[in-house]
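A short write-up of the structure that comes next.
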Amino acid sequence: MSAVIETKKLTKFYGKSRGIIDVDLSVNEGEIFGFIGPNGAGKSTTIRTLLGLIFKTSGEARVFGMDCERETEKILRNVGYLPSEVFYYDRMRAIDLLNYSASFYGKDCTKRIKELSAALELDLGKRVEDMSLGNKKKVGIVQGLLHSPDLIILDEPTSGLDPLMQKTFFELIKRENERGVTVLFSSHILSEVQRICDRVAIIREGRILETKRISQLQENAYKKVSFTVKPGSDVRGFSVPGGGKFEVSGQSVSFIYRGDCNLLLSAIGKYPVLNVDISDPPLEEIFLHYYEEGGGASEHPAV
Amino acid sequence: MNIIRRELKTNLKPFAFWTAGLFILTFVGMTKYLGVGAEGVDLNAISDRFPRVILAFIGMADADTRTLSGFYAVIAYFAAICVSLYSLSLGFNAVSREAADKTYEFLFTKPRKRRDILSAKLGAAVILITLFNLLNCVFPLAAASALGFREDISREVLLFYAAAYLVSMLFFSISVLLSVLAREAEQGARRANLVFVFAFVMGVVCDTLENPGALRLLSPLRYFATSELLSGRLSPSYAALCILLTVATGALAIRLFERKDLTAA
């Protein structure tokens, strides 16, 4: 399987400020690759370097085997990009903007624009300036996909989309992926990446901490667990192997857990439970935990 | 072609605004001459009472305002400032508008070379500057004809038009270069405006000196002196210098833009 995106020791400094340091990425053809990290970690810097918007300080960046700085034009012919924040020419109607976008690819995208707009319930006759953030994002999705690119780069794509539209969006991306399109999906929301990606790279403070398969990630993922028991029950002695940071408050217990979910449920099931909540911890918490354990990536996987 | 068309469309409203300003400046100015002539006012006698620095400031240092051509020279001075300022704004917009409006991620992730995108934007701006300068030539001729002046000023109008065109193109390319060099979009506009103010002040200084010599090089607004233009001469050496600086500055700007990090303003 050939690499569609490949970076080696890719480094970018903005003057003296850190952008990314020694980023090694390899995204294979046909996969949905998650790129996850907190805000300011270097996700957008990496993406902008790949797109030729900014220039690397050192290292290598290649897309479709081509150099990102010398062959940007050729690369961009087959790349669809959706930025985290979408800004378009306000006075343009959505359809005019999309036709303008299509004019750069030298192919008829009319049918595709109609299909995508219908799927996303986008009003093409509306002016961009009159649109909500969510609708502008929809315009962004259509303009990123209208030329049927071989690589889609999504930088925090779901912000501004309501849950139903997020579902439609993920279905669209999966459909694109099924026809062989490679997807680089950047996000700071772990569950989003887990939902759609095959592999994931974790970036923090400009450096890649780890790259692993989503299945491995889920095996090792910490969950935030809390449950409440009926009044009169004593939960002070609650413990479960794989759990940590137990906090008991009245009839409620909260803790983090990594391990077999069945063991967790049977441990909780010994109590007269009123309510259980199991969720992904925020990314920052995962990273914090990662460093607290102090073992580094290989010893104690963060997620 | 699509970029040029879009740029022209976007800049249509400001163009109309600047055109209206130029029209008012020219027609009101020319009408004023009609009024002054009818009332028998000797503007030279009035202007002689002012210090030369004030006259230089308002473009009357070398103009004999008793004649239509001399009076027109004062209007042409303000028109030259007008076209230069318009050119500065076009230069800044061509380079920095997308960054300031944060639309650069849309345009510069399209399969076009950066050089081609910027060249298209500059091309559209040059079209507008050329049109604006043509109007700067047409308006005074139309005003002179409409107001029924007997003195033929077509030669002066053409010479002042050519001078203003050359100078405005130079200011345009300076603005483009400064915008490319600036880290933030607004910074480029500020610097370009400062350069213009400096050139203007140096122009006033040149006009107050008997022999400004090399100082004239620092003020494109005085590359083509009013007295020379009124005597029917457009300095070929300064015309060549203008063209050379415009081309060199523009080419350098495009080259530097190819390696510029594109980020939001």
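Every chain is numbered from 1 and lettered A, B, ... according to where its sequence line falls, protein lines coming before strand lines. Side chains are part of it too, since the values below use all heavy atoms of this structure and drop only hydrogens, waters and symmetry mates.
Your options are A/Tyr105, A/Tyr14, A/Phe104, and the one with the most heavy-atom pairs under 4.5 Å with chain B is A/Phe104. Contact count against chain B (heavy-atom pairs under 4.5 Å) is highest for A/Ser101 among A/Ser101, A/Pro83, A/Gly80.
Proximity to chain A is limited to the backbone of B/Lys260, based on heavy atoms less than 4.5 angstrom apart. Only the side chain of A/Glu69 comes within less than 4.5 Å of a heavy atom of chain B; its backbone N, CA, C and O stay farther away. Residue A/Lys56 does not touch chain B at all, counting heavy-atom pairs closer than 4.5 Å. For a residue to count as touching a neighbouring chain, one of its non-hydrogen atoms must lie under 4.5 Å from one of that chain's; by this rule A/Tyr81 touches chain B with the side chain only. Looking at B/Glu98, only its side chain comes within 4.5 Å of chain A, counting heavy atoms on both sides. Neither the backbone nor the side chain of A/Thr72 comes within contact range of chain B, judged by heavy atoms closer than 4.5 Å. Proximity to chain A is limited to the side chain of B/Arg6, based on heavy atoms less than 4.5 angstrom apart. For B/Phe108, the parts lying near chain A are the backbone and the side chain together; criterion is any non-hydrogen pair under 4.5 Å.
Taking a cutoff of 4.0 Å between a charged side-chain nitrogen and a carboxylate oxygen, B/Arg114 and A/Glu73 do not qualify as a salt bridge. Electrostatic pairing of A/Glu205 and A/Arg18 does not count as a salt bridge here, judged by no charged N lying under 4.0 Å from a carboxylate O.
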Could you walk me through whether A/Leu10 and A/Thr49 pass side chain to side chain contact (heavy atoms under 4.5 Å, CB included), step by step? CA-CA 9 Å; A/Leu10 186 64; A/Thr49 312; 4.0 Å; yes

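Geometrically, B/Arg259 engages A/Phe55 in a cation-pi contact, judged by NZ or CZ lying under 6.0 Å from the ring centre and within 45° of the ring axis.
Results of the ring pair (Phe, Tyr, Trp, His ring centres under 6.0 Å) test with B/Phe132 over B/Tyr161, B/Phe17, B/Tyr86 single out B/Tyr86 as the only residue that passes.
Without hydrogens or angle criteria, A/Arg207 side chain to A/Val23 main chain gives no donor-acceptor distance under 3.5 Å. No donor-acceptor pair closer than 3.5 Å links the side chain of B/Asp101 to the backbone N or O of B/Thr103.
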